[in-house]
Every structure is written in structure tokens, then in C-alpha cells.
Amino acid sequence: MLTQDARVAGEPVTIHRVERPEDLDDFYEFARRNHRVLAVDSETTGVDIFSDGFRIRLIQFGNKDEAWVLPVEQGPVYAAAAKRVLRETGRLIFQNGMFDLQVFDRHLGVPMEELWPKVLDSKILAHLADPRGPEEGGIGQSLEKLTEHYIDPVVAEEVKGLMTKLAKEHKTTKAKIWSTIDLDHPEYNLYAGMDTILAARLVGKVGPLVPPVSRDLIAFEHRIAEICSYMERTGFLLDIEYTEDLSDELRHREDYYNTIARGFWDELWEEDPPDFSVNATEKVADVLEARGVVIPGRTPTGRRRVDKSLLEGLAKDGDEFALAVIEAKKARKWRTTWVDGFLDQMDSDGRCHASINALRARTARMSITGIPAQTLPSKDSLIRSCFIADPGESIVSVDYQAQELRVLAALSGDRTMIRAFLNGDDLHLLTARAAFGDHITKDSPERKYAKVVNFGRVYGGGARTVAEQTGLDLKTAKRVVDGFDAAYPEVKRYSNKLQTQAQRQGFITTPSGRRLPVDKERPYAALNYMVQSTSRDVTCRALVRLHEAGITPYLRLPIHDEILASVPTKSAEKAARKIARLMQEQMGPVEISTDAEVYGRSWGDGYRN
DNA sequence: TCGTGACGCACC
DNA sequence: AAACGGTGCGTCACGA
């Protein structure tokens, strides 16, 4: 057994590294002394839990001043020891338990279902204490930043720099060091153990900072993390043949349009043209100007703005270069960002597993990576068609009808808005009539402008942004914005109330008890934070109800105001209705109602027109 | 060669 | 009086 001594916040700590099976007796003795609660962490070969080469290397257990490191990679006896203590310990502290529990489920044979009820996650506590990131004036929720702020800045710096340092020592990259570092490396062991000591200390520091009003959210967020980890585990079936064909097709498209675009660039040079890429905006700008195009826009750093709207305007006027740039960029973006990514990370059963950050944004909104489900193109079914239902099943989507506007109506208590939703009136039409008069009909173009304002107002946008988005002149845009404010006066009042609260105390509190910090310089953001966060809570409460109804195995992903599922085709309509019914909820006088749709075999089937 | 900021773009 | 909120990802360009 190897024993290392270190100091944390001026106090001595000890890290034991089990080297031989005989050392396990002392480890079990430690576990017995700490049978009520232990912090747990694991070191693995990477973060690609579902890929073939993934392995657990170490599993660590610790309390505030002592840690034990098990070399799981070196034999099943150590894995068995880790398993035993995971099962026998009453409460388990993790920093981001979603990762470790997924790892233990797939690679250690300990089902997540068994461990989740015992988990206390310091990352969740930290988010409830302060959801801001380090760039937003907060601390963030990473182990490094939390350690720096709450425990010991020197230790934080060492933890942060360690893997970079080891990578340099081993002449490899930071990404590869996790799988290549010698398991017996003393510093690797030291900090592997240290992580549990830090997590154990963090819950004591951050837990008390969760405001009393947020207390119920602690259990709620652990539940949401649990449900999301089951969806991650299930994964989403990939249509491999389709996806491979699509990748080829996009590659050909990209090559074709690249050749055209490059031809225009090469013309600018007498001989040996320098490298060209359609993604190099400065170079694209050079070609455009050589063709006589005046580029009016500038970026914040003063460079010529070459974006989609400029290029599309030119392409519409028949500029072949602009068209080629647009098409080449799009084909590449679609292939590299999505299609090839799916093929790369697909597991041996042809499934892709998203990584869900269930408690991410300042507003607690989730983020989803791996399958970047929140950002897949929705005007076209091509990309979504990569994902399909399980055999014998159909893809079902249930979304909330105008979720944020309904939440806004409920929270603000605006009578007109509430009545509109009760009556099933067309809210966009209502706003359009308030701005332009009663002669406006469902088919009038003014309704579209009103729609932009209805959503834009929730974001805190004003006349200028509405003008930009609709192409209206500023004066008309202002008329629609004023029309909105006149039509729904209580929304304005509510926004003002939130802004006052925000400026007085620096935060607002949602009905679920979540504290949302509001920057002093942007008090107008308070309304959006409140609506966005409360909408997220609506979707998450739905997840809990679906889980309790036993539907989780069919769920694929939550996407803001939507939940995607794969259900048996025979009873798909019925299942969809059931999910929709469980999702809807009453918020004061407003029903946050849902719409169910059975797409078919593929996710893309819902996006064909 | 790696990390990072700026930019552009995909979505709700 | 007016105020666009929240994300992730790929690429380029640049500096260490």
C-alpha cells in the first residue's frame, strides 16, 4: 500500500493507494468507519463511456481528510471491492454523479437504479447556490472553480495544472493522457484521491449556501438528473445506412461547391494562389470586393461582416460565388457537426448516447451534447432522419403549445393573455390587431410581425430587434411593440416588478424556489429568466410524472418544450396521448397544454413538408 | 501543437 | 426611453 500525505486548507490529508489484494482489508476497515457517507469518484480512459475502448482505471472513495484509491484496471478483485463499498455505503457524494453512475452502470455492473437514491451531488448544490458561470460574475460549478473559491486556491491550481503537466511529461496531449498515464504515477494517484476529499468538503461548504427557499429543489434536481441519466443510457437508434449515405452525399456537395468558390479566389492571383477556405470570412470578403460588392456590415472587432444574410442577398441576385460559399459551408457544417459525429460516437449496437447536462444554464435550462438535439436543423428532415425508433416502434413527439407564452400569461396574470388562451384565441392575431387595427385577419402579413414581437418581447427585445428580424422600418416595428404592451398591460407591470426586485436584491425567485441572479446592467433580462426557468421546470416536472408512470424506457430526449419518445407502433397514438396527458399541467388559470404527434419510423418524419 | 477568442450558425 | 434571453459546435487566426 502506498500512502501519500498532503495538505488542504492548512489541514493534513492522507491518500492511500491500494497496491495488492491484501491492502483491501484496510480499505474495508476505512469503509466501515465511513459507512454512512463517502465521496466517490472515478478515473477513466476518457469521456466516451459508450465506445469500445472505454475502461475504468481507478475508483476512489474519500471523506474530508482521507481517501482510498482502487486500481480497478489492475484486476476484478478491485472492481469487486469498489462494488461492495458502493452498495454498502449509505450516502454517496459525487461531483457530477451523472457521469460516474453511467460509468458504473455500464462498466462495473452496478445499475444506476441502485445508486441514485443515495446520491448527493455537489455540482447540483453549487448550481442551486449560484447558477452563474465564471464568465458571468459567478464561480461556476466545476470542481476546480469551487475548490478555488471555497476550499484552497493552491490545491485548485494544482488540480487544474496536473493533467497538462503529466501530458507534457509523457509527450502527449491533454485528451490522451487519461488513457496513457501510468496507473502508478504518484501525482495521478494523489489527485485522483484528492478529488473525493474535495467533493466531501464541498458539500459542507456549498450545501449551506443553497437558500432555504430552494430546499425542495435539491431532491427535485437529483431526480431530474437520475431520469436524464436513464435516457442517456437508453440512447437513440441510428439508421446507419442512411447516415453513411448522407455523409457521402454531403461530402460530394461540399467538394462540388468548393471547386466553384475556389475558382473565383484563384482568379484574383496571377500565380500560386494562397490557401482558400469558404470559412475564412476575410478571404471571402476579398473575393466579394474584387467582384465589386460593397460589404456594409462590420463585426464588433471591426472586420467586414460576411454572414448568411449578406451572402443570401447576393446569391438571390445571381452571384454564383456567394451561392457556392453558402452551399459549401452548409454541406461541411452539416456533415462535420452532425452526421459524422453520429457515426463516430455510435456504440456497438448502433445507438448514439446523448450527454444531458440537466442543470446547465443560469435559468437551469438543460444542454444536450453528443446528440446536439437542441440545435439540429428543423427546416429540413435530412439530419433528424438519422435517428429512428426501435424495431416495432414509432417516434412520438409531444410538445407544449406556446409554452413560454402560456407561462408568461400565468405568471404575469395578464387578463387578456389568459383569456386568449382560455378561449383558444390566436394570440398572434390578437397582438396584430392591437397594433394595426381590427381589420387584420389570420392571413394578413401583419400577423407574422406580431408573432415575432410576441416571442421577442419575452426575450426582452425591443423595436430595433423586431425591425431587424422582420425587415420592417423602425417606426412600424415600434408600433407593433407598443401594440403588444397596450394589449397585455400586466405583462409590462410584471416585468417592471421583476426588474425592481432584481435591482433591489440582485436576484429574482421563481415559483419553484430557484434563485436567478440578474446582472445590474441588464435588469430587463429578469422577465426572460423567469419565463425561461419556469418553462424548464414545467418540462422537468413532466419528466418526473412520466418516470413515475413507468414511461422512462420509452423516452429518448427532452428538448426544451418537447419530449421525444419511441413507443410500440401498434398503440402509438394511445401512448402519445398518454404522454401528452401526463405532461400537461395547470398553472394558475392557464393550462400549459400539450400537442402529441406520431411521426413514424424516423425523427425526420416529423419534419417533412 | 495546443489552447483560446472571435465569428457564424444551428435551435428553443 | 430602450434594452434579444439561453445554449453547443466548427473553423480560422493567433499567440504561447
Side-chain angles (χ1 to χ4, degrees), chain A residues 131-133 135-136 164 167-168 171-176 275-285 297-312 325-326 328-330 332-338 340-341 354-357 360-380 383-384 399-400 402-405 408 452-453 455-469 474 477-478 481-482 485 492 495 499 516 518-519 521-533 535-536 539 558-562 607:
Chain A
R132 293 173 299 175
E135 291 80 26
E136 302 174 300
T164 315
K168 266 202 187 123
K171 298 202 191 325
T172 180
T173 63
K174 236 173 125 181
K176 283 184 190 157
D275 279 347
F276 176 75
S277 161
V278 291
N279 288 308
T281 46
E282 286 293 291
K283 289 171 180 174
V284 172
R298 290 292 178 271
T299 68
T301 51
R303 289 195 268 182
R304 294 164 291 182
R305 183 181 293 280
V306 180
D307 59 13
K308 207 178 163 192
S309 82
L310 175 77
L311 291 169
E312 275 179 352
V325 170
I326 292 171
K329 276 173 103 157
K330 190 166 138 185
R332 181 173 186 82
K333 165 108 182 162
W334 282 28
R335 184 172 60 82
T336 57
T337 310
W338 296 306
D340 286 359
S355 175
I356 305 174
N357 197 339
R360 169 65 183 87
R362 178 193 299 220
T363 58
R365 252 199 185 181
M366 297 182 182
S367 79
I368 305 178
T369 55
I371 303 172
Q374 294 168 326
T375 57
L376 298 183
S378 59
K379 287 189 193 74
D380 196 305
I383 303 292
R384 288 175 200 248
D399 67 351
Y400 290 97
Q403 186 190 41
E404 293 202 334
L405 283 169
L408 175 62
V452 171
V453 175
F455 287 109
R457 224 46 191 136
V458 184
Y459 296 154
R464 207 190 67 216
T465 47
V466 170
E468 266 169 35
Q469 278 183 20
L474 202 61
K478 187 161 178 356
V481 170
D482 290 345
D485 292 343
K492 187 82 183 169
S495 175
Q499 292 194 38
L516 306 175
V518 180
D519 303 338
E521 315 78 55
R522 296 188 306 152
Y524 58 86
L527 178 71
N528 177 256
Y529 288 174
M530 178 61 83
V531 171
Q532 188 179 107
S533 191
S535 298
R536 180 270 188 192
T539 306
I559 307 168
H560 297 310
D561 63 341
E562 173 192 5
Y607 293 80

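In what follows, chains are A, B, ... by sequence order, proteins preceding strands, each numbered from 1. When reading the values below, keep in mind they use all heavy atoms of this one structure, side chains included, and skip hydrogens, waters and symmetry mates.
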- Note on the structure: side-chain hydrogen bond (donor to acceptor under 3.5 Å, both in side chains) filter on A/E312, not counting sequence neighbours, yields none
- Message: Please classify the nucleic acid contact of A/A463 as base, sugar-phosphate, or nothing, using heavy-atom distances under 4.0 Å.
- Response: sugar-phosphate
- Check step by step if side chain to side chain contact (heavy atoms under 4.5 Å, CB included) holds for A/K308 and A/I326. CA-CA 7 Å; A/K308 207 178 163 192; A/I326 292 171; 5.6 Å; no
- If you look at every strand shown and take non-hydrogen atoms under 4.0 Å, does A/G456 touch a base, only sugar-phosphate, or nothing? nothing
- Message: If I take atom OG1 from residue A/T281 and atom CG from residue A/L310, how far apart are they, to the nearest 0.5 angstrom?
- Response: 11.0 Å
- Task: Measure the OG1-CD distance between A/T539 and A/E562 for me, rounded to the nearest 0.5 Å.
- Result: 10.0 Å
- Task: Work out how much the helix from B/dT1-C/dA16 to B/dC12-C/dG5 bends between its end axes, five pairs an end, to the nearest 10 degrees.
- Result: 0°
- Measure from CH2 on A/W334 to C1' on C/dT11 and round the result to the nearest Å. 18 Å
- Item | A/K478 NZ to C/dA1 C1', straight-line distance once rounded to whole Å | 8 Å
- Measure the distance from CD on A/E312 to C1' on B/dG8 and round it to the nearest whole Å. 13 Å
- Task: Go through the steps to decide whether A/R362 and A/D519 satisfy the test salt bridge (charged side-chain N to carboxylate O under 4.0 Å, His left out), and finish with yes or no.
- Result: CA-CA 11 Å; A/R362 178 193 299 220; A/D519 303 338; 3.2 Å; yes
- Query: Does B/dC11 have OP1 or OP2 sitting under 4.0 Å from an N or O in the side chain of A/K379?
  - Reply: yes
- Message: Please report the distance, rounded to the nearest Å, between NZ in A/K308 and P in B/dG8.
- Response: 13 Å
What are the atom names and distances for every N/O pair under 3.5 Å that joins the protein to nucleotides 12-16 of chain C?
from	atom 1	to	atom 2	distance (Å)
C/dC12	OP1	A/S277	OG	2.9

- Compare every heavy atom of A/A477 with every heavy atom of A/A463, then report the nearest pair and how far apart it is. O-CB, 3.4 Å
- Which whole-number value in Å describes the distance from A/W338 CH2 to B/dA10 P? 7 Å
- Can you name the side chain to side chain contact (heavy atoms under 4.5 Å, CB included) partners of A/S535, sequence neighbours left out? A/Q403, A/E404, A/V407, A/V531
- Select base, sugar-phosphate, or nothing to describe what A/I559 touches, counting heavy atoms under 4.0 Å on all strands. nothing
- If you measure from OG1 on A/T369 to CD on A/Q374, what distance do you get to the nearest 0.5 Å? 9.0 Å
- What's the CG-C1' distance between A/D482 and C/dA1, to the nearest Å? 11 Å
- Query: Which pair of non-hydrogen atoms, one from A/L527 and one from A/R457, has the smallest distance, and what is that distance?
  - Reply: CD2-O, 4.2 Å
- Quick one: list whatever passes ring-ring contact (aromatic ring centres under 6.0 Å, His included) with A/Y524, sequence neighbours left out. none
- Query: Do A/Y459 and the base of C/dG5 stack face to face, with centres under 5.5 Å apart and an angle between planes under 30°?
  - Reply: yes
- Task: Give the rounded distance in Å between these two atoms: CZ of A/R132 and P of C/dG5.
- Result: 16 Å
- Query: Do you know which two heavy atoms are closest between A/P523 and A/V518, and how far apart they sit?
  - Reply: CA-CG1, 4.0 Å
- Nearest heavy-atom contact between A/L516 and A/T363 is CD2-CA, 4.1 Å
Tabulate atom names and distances for all N/O pairs under 3.5 angstrom spanning the protein and nucleotides 6-9 of chain C.
from	atom 1	to	atom 2	distance (Å)
C/dG6	OP1	A/Y529	OH	2.7
C/dG6	O4'	A/Q532	OE1	3.3
C/dG6	O4'	A/Q532	NE2	3.3
C/dG6	N3	A/R365	NH1	3.3
C/dG8	OP1	A/R360	NE	3.1
C/dG8	OP1	A/S367	OG	3.2
C/dG8	OP2	A/R360	NH2	3.4

- Scan A/V306 against the nucleic acid and name what it touches under 4.0 Å (heavy atoms): base, sugar-phosphate only, or nothing. sugar-phosphate
- Roughly, in whole Å, what's the span from CG in A/D399 to C1' in B/dC11? 14 Å
